[in-house]
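So the structure is just underneath, and the comments pick up after that.
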Amino acid sequence: MRLVLVLGDQLTPDVAALKAADRARDVVVMAEVTGEGTSVPHHPQKIALILSAMRKFAAALTAEGWRVAYSRLDDPENSQTISGELLRRASEFGAGEVLATKPGEWRLLQDLQDLPLTASLLED
């Protein structure tokens, strides 16, 4: 079983990580985290739009039979970072591997490579 990371700018069923994932055994991880909303200045309406789109995409994946672990911004257990949420979900599900489509931001790419989990990063 792997964790399949889907980021807020990767909301399509054609994203590489989802195409390579196994719906029957993998868990999709999506997380609303302050670390991503504050790393670069964004208009509040843009942030609201992204969060709304993430929630709708997660619901659509669930309806299609994917197991989705979704962290809402106001979840008291939310670590507020992508890497922290991956570690939390790895502990929860007993996963040792993360499957992800390479993020566009170098900072986030470095965070994924530094995880104490095996990270398979697929080309976007």
Side-chain angles (χ1 to χ4, degrees):
M1 191 266 278
R2 299 173 293 191
L3 301 178
V4 181
L5 177 64
V6 176
L7 300 170
D9 61 352
Q10 300 176 340
L11 305 179
T12 174
D14 294 327
V15 71
L18 280 176
K19 288 177 86 173
D22 182 345
R23 187 183 319 222
R25 71 177 189 105
D26 295 333
V27 176
V28 175
V29 175
M30 297 178 69
E32 302 173 7
V33 295
T34 56
E36 293 306 303
T38 59
S39 64
V40 176
H42 289 81
H43 192 283
Q45 289 178 337
K46 180 178 181 179
I47 292 172
L49 178 64
I50 291 169
L51 297 182
S52 175
M54 287 176 64
R55 291 175 185 182
K56 288 183 180 185
F57 189 70
L61 290 175
T62 300
E64 292 172 7
W66 289 94
R67 185 166 40 160
V68 179
Y70 192 93
S71 302
R72 291 177 66 108
L73 197 58
D74 59 357
D75 177 349
E77 296 182 31
N78 189 332
S79 67
Q80 300 302 331
T81 66
I82 295 295
S83 57
E85 287 307 286
L86 285 169
L87 291 173
R88 175 168 78 117
R89 298 308 184 174
S91 176
E92 178 182 349
F93 294 104
E97 184 179 352
V98 175
L99 181 62
T101 303
K102 281 188 181 175
E105 287 190 35
W106 182 86
R107 172 192 52 78
L108 188 51
L109 178 60
Q110 190 64 50
D111 286 349
L112 292 174
Q113 292 171 334
D114 291 343
L115 280 172
L117 304 167
T118 301
S120 299
L121 303 173
L122 306 175
E123 291 298 324
D124 188 4

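Note that the structure is a prediction, hence the values are computed from the model and not measured.
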Backbone of A17 reached by a side-chain donor or acceptor of T101 within 3.5 Å: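 Yes; judged by distance alone, with no hydrogens or angles, the pair exists.
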[X]: which residues meet the salt bridge (charged side-chain N to carboxylate O under 4.0 Å, His left out) condition with it, sequence neighbours left out?
{"X": "E77", "answer": "R88"}
{"X": "E92", "answer": "R89"}
{"X": "R67", "answer": "none"}

Any side-chain heavy atom of [X] sitting closer than 4.5 Å to one from [Y]?
{"X": "T81", "Y": "V33", "result": "no"}
{"X": "L49", "Y": "Q45", "result": "no"}
{"X": "E85", "Y": "N78", "result": "yes"}
{"X": "V98", "Y": "V29", "result": "no"}
{"X": "L112", "Y": "P103", "result": "yes"}

How close do [X] and [Y] get, counting heavy atoms only, and between which atoms?
{"X": "F93", "Y": "A69", "answer": "CE1-CB, 3.8 Å"}
{"X": "M54", "Y": "A31", "answer": "CE-O, 3.4 Å"}
{"X": "W66", "Y": "L18", "answer": "CH2-O, 3.7 Å"}

Nearest-0.5 Å distance, [atom1] of residue [X] to [atom2] of residue [Y]:
{"X": "L61", "Y": "Y70", "atom1": "CG", "atom2": "OH", "answer": "11.0 Å"}
{"X": "T118", "Y": "L99", "atom1": "OG1", "atom2": "CG", "answer": "11.5 Å"}
{"X": "Q80", "Y": "D75", "atom1": "CD", "atom2": "CG", "answer": "8.5 Å"}
{"X": "L108", "Y": "L5", "atom1": "CG", "atom2": "CG", "answer": "7.0 Å"}

Pairwise side-chain hydrogen bond (donor to acceptor under 3.5 Å, both in side chains) hits with a residue in residues 52-63, at least two apart: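 side-chain hydrogen bond (donor to acceptor under 3.5 Å, both in side chains) check on residues 52-63 returns E32-R55.
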May I have all residue pairs that pass side-chain hydrogen bond (donor to acceptor under 3.5 Å, both in side chains) and include part of residues 5-25, sequence neighbours excluded?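 Counting only pairs at least two positions apart or across chains, no side-chain hydrogen bond (donor to acceptor under 3.5 Å, both in side chains) contact touches residues 5-25.
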Is the closest basic N to carboxylate O distance between R2 and D26 below 4.0 Å?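 Counted as a salt bridge, because a side-chain N and a carboxylate O are separated by less than 4.0 Å.
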Partner residues of L87 under the side-chain contact (heavy atoms from CB on, under 4.5 Å) criterion, sequence neighbours left out: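 In terms of side-chain contact (heavy atoms from CB on, under 4.5 Å), with neighbours along the sequence ignored, L87 is linked to L115, P116, L117.
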With side-chain contact (heavy atoms from CB on, under 4.5 Å) as the criterion, how do L11 and M30 come out once you've worked through the C-alpha distance, each side chain's angles and the decisive distance to 0.1 Å? CA-CA 10 Å; L11 305 179; M30 297 178 69; 3.6 Å; yes
